[in-house]
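Below is one structure; the comments refer to it alone.
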Amino acid sequence: MIAIKQRAAALGFSATGITRLDRNPHAAELDRWLSDGHAGTMTYLNRQAAKRKDPRAIMPGARAAVVTLTNYYHGPANPGRQPGASKPGRVAQYAWSPDYHDVLGERLEQLAEAIRLLAPGSKTRCYVDAGPVPERELAQLAGLGWIGKNMMLINPDIGSVTFIGVVLTDADLEPDLPFEADRCGSCTRCLDACPTHAFVGPRDLDARACISYLTIEHRGAFTEVQRGQVGEWVFGCDVCQDVCPWNVSFALETHDAGFASRADVAFPDVQTFATIDEAEFTRRYGDTPFTRPGLEGMRRNAGVA
Ligand code: B12
Ligand code: SF4
Ligand code: SF4
């Protein structure tokens, strides 16, 4: 399987692992998380639960997953160094560059082609963030890292500031060993630093209180409590990753041209959202993740910031 990993490295993926598909060993955790209501209004997670609990059901005949990590770290969030730092409003780093669904989707298709060449007649399907794929779970099983107390997949060499991309295939690929160790130890920095105390416990995040959920997935106005929680963040949140010692020590700035940051997205002028109309919003931000909350959502978030 060295050929697949070499191809993945050449395509720009930071790390790649392979796992055979089986029943999700943490299906019970997913059930409990959902029944506790921690998914909030993300009801698609309930609808997809059966497939997340048994990823073999996602694609007919699927036997293996080739799982990739892509580093998107843009450097320490040092407001003094950032252009536009005097402006209010912060955007999580995963949104700073062109939409990762597009960039990684194309790279995964090229990786899938390499798998089909290696195993003639095999079928493949690519996923990044969309679809019923338990991505962090598969990454851990493919040996790429452990699930931290902040629920992120942490790779011991590059940290957690990564996207996960997956190619499912019916080819019979030799798997890697799962990453069994838990290298969080007694650390609780992420749990303690979360501005909204959204962690009910280690590896248990109530998304309804998470700034990422509130600024991106929540529809409608904020309550007073939610306004206080969201604070200066206008899109997503990086706090539980910024404080993690594995990122502080090992995350390296990306030099991947596909993930070059866009100043208008990384450091937007938050006043803009109050004044522009839908047509102007689409012209400026139509190809960015800001389209998920849309102009109405970004206006609401910016209003708090
Ligand atoms: C819904 C979702 C969200 C929700 C809910 C987050 C959450 N913690 O579940 C919200 C909107 C809040 C969110 C926020 C973010 N997200 Co998000 N999100 C997802 C999505 C679409 C589904 C996740 C899901 O199923 N959650 C439900 C929980 C229960 O499942 P799970 O996270 O897979 O957890 C499993 C393991 O933890 C396992 N488990 C439980 N206990 C144990 C114990 C051990 C020992 C082991 C091994 C496993 C294990 O069981 C769980 C069920 O299988 C995934 C993409 C995907 N298809 O998977 C991206 C994804 C998880 N998100 C991602 C990112 C980047 C983020 C943000 C950093 C974005 C930001 N900066 O604002 C934040 C981080 C917040 C956080 N600390 O989790 C990346 C994570 C990459 C990585 N390296 O881990 C993903 C994988 C997207 C991608 N393709 O890159 N997200
Ligand atoms: S992303 Fe922010 S709000 Fe959400 S759990 Fe992490 S620190 Fe808390
Ligand atoms: S901050 Fe500490 S507890 Fe949280 S994920 Fe990182 S190492 Fe684990």
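As a basis for the values below, the full set of heavy atoms in this structure was taken, side chains included, without hydrogen atoms, waters or symmetry mates. Whatever order the structure lists ligands and atoms in, that order sets their numbers, starting from 1.
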Atom indices of ligand 3, in the order listed, that fall short of 4.0 Å to a heavy atom of Ile154 = 5 (S)

Relative to the heavy atoms of Trp246, which atoms of ligand 3 are at a distance of less than 4.0 Å?
->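 Heavy-atom distances to Trp246 below 4.0 Å select 7 (S).
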
Please check whether [X] reaches ligand 1 - meaning an N/O of the residue sits under 3.5 Å from an N/O of the ligand, judged on distance alone.
{"X": "Arg203", "result": "no"}
{"X": "Arg52", "result": "yes"}
{"X": "Asn24", "result": "yes"}
{"X": "Glu135", "result": "yes"}
{"X": "Val133", "result": "yes"}
{"X": "Ile164", "result": "yes"}

What residue and heavy atom of the protein are closest to atom 20 (C) of ligand 1, and at what distance?
->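 For atom 20 (C) of ligand 1, the nearest protein heavy atom comes out as Asp129 OD1, 4.2 Å.
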
Could you check atom 72 (O) of ligand 1 against the protein and tell me its nearest heavy-atom contact, residue, atom and distance included?
->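 It is Ser212 OG, 2.8 Å.
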
Can you find a protein heavy atom closer to [atom] than 4.0 Å?
{"atom": "atom 10 (C) of ligand 1", "answer": "no"}
{"atom": "atom 67 (C) of ligand 1", "answer": "no"}
{"atom": "atom 17 (Co) of ligand 1", "answer": "no"}
{"atom": "atom 81 (C) of ligand 1", "answer": "yes"}
{"atom": "atom 46 (C) of ligand 1", "answer": "yes"}
{"atom": "atom 39 (N) of ligand 1", "answer": "yes"}
{"atom": "atom 50 (O) of ligand 1", "answer": "yes"}
{"atom": "atom 32 (O) of ligand 1", "answer": "yes"}

Yes or no: does [X] have any heavy atom under 4.0 Å from an atom of ligand 1?
{"X": "Thr162", "value": "yes"}
{"X": "His38", "value": "no"}
{"X": "Gln241", "value": "yes"}

Report the part of Pro195 in contact with ligand 2, treating N, CA, C, O as backbone and CB onward as side chain, heavy atoms under 4.0 Å; options are side chain, backbone, both, neither.
->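 The part of Pro195 near ligand 2 is the side chain, not the backbone.
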
Heavy atom under 4.0 Å from ligand 2: found in Leu205's side chain, backbone, both, or neither?
->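 Side chain only.
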
Any atoms of ligand 1 less than 4.0 Å from a non-hydrogen atom of [X]? List them with their elements.
{"X": "Ile147", "result": "37 (O), 46 (C), 47 (C), 48 (C)"}
{"X": "Tyr44", "result": "1 (C), 21 (C)"}
{"X": "Gly236", "result": "72 (O)"}

Is [X] touching ligand 1 with its side chain, its backbone, both, or neither, if touching means heavy atoms under 4.0 Å apart?
{"X": "Cys240", "result": "side chain"}
{"X": "Ala92", "result": "side chain"}
{"X": "Leu205", "result": "side chain"}
{"X": "Leu45", "result": "side chain"}
{"X": "Leu69", "result": "neither"}
{"X": "Met152", "result": "both"}
{"X": "Met42", "result": "side chain"}

Val128 versus Ile164, closest heavy-atom pair with distance =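 What the structure gives for the nearest pair is CG2-O, 3.5 Å.
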
Look at Asp31 together with Lys53 and state whether they make a salt bridge at an N to O cut-off of under 4.0 Å.
-> yes

SB check Glu296 Arg299 (cutoff 4.0 Å) | no

For [X], atoms of ligand 2 separated by under 4.0 Å from a heavy atom:
{"X": "Cys237", "answer": "1 (S), 2 (Fe), 3 (S), 7 (S)"}
{"X": "Val239", "answer": "7 (S)"}
{"X": "Cys194", "answer": "3 (S), 5 (S), 7 (S), 8 (Fe)"}

State yes or no: are the ring centers of Phe259 and Trp96 separated by less than 6.0 Å?
->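 So the answer is no for these two rings.
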
Can you find a non-hydrogen atom of Asn247 under 4.0 Å from ligand 3?
-> no

Lys123 atom NZ, neighbour heavy-atom count above 12 within 6.0 Å | no

Donor + acceptor pair across side chains of Asp129, Tyr100 (<3.5 Å) = yes

May I have the step-by-step check of side-chain contact (heavy atoms from CB on, under 4.5 Å) for Arg32 and Asp204, ending in yes or no?
-> CA-CA 10 Å; Arg32 189 187 40 74; Asp204 193 1; 3.3 Å; yes

List the steps, then state whether ring pair (Phe, Tyr, Trp, His ring centres under 6.0 Å) holds for Phe273 with Tyr285.
-> CA-CA 11 Å; Phe273 299 110; Tyr285 298 113; 5.5 Å; yes

Would you list the protein N, O or S atoms within less than 2.8 Å of atom 4 (Fe) of ligand 3, leaving out water?
->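 Less than 2.8 Å away from atom 4 (Fe) of ligand 3 sit Cys190 SG.
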
Co-membership, hydrophobic cluster, residues Leu111 and Val67, 4.5 Å side-chain |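 Different clusters.
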
Remaining members of the apolar cluster that contains Leu177, side-chain heavy atoms under 4.5 Å |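 In the cluster with Leu177 there is nothing else; it is isolated.
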
Is the closest heavy-atom distance from Phe199 to ligand 2 below 4.0 Å?
-> yes

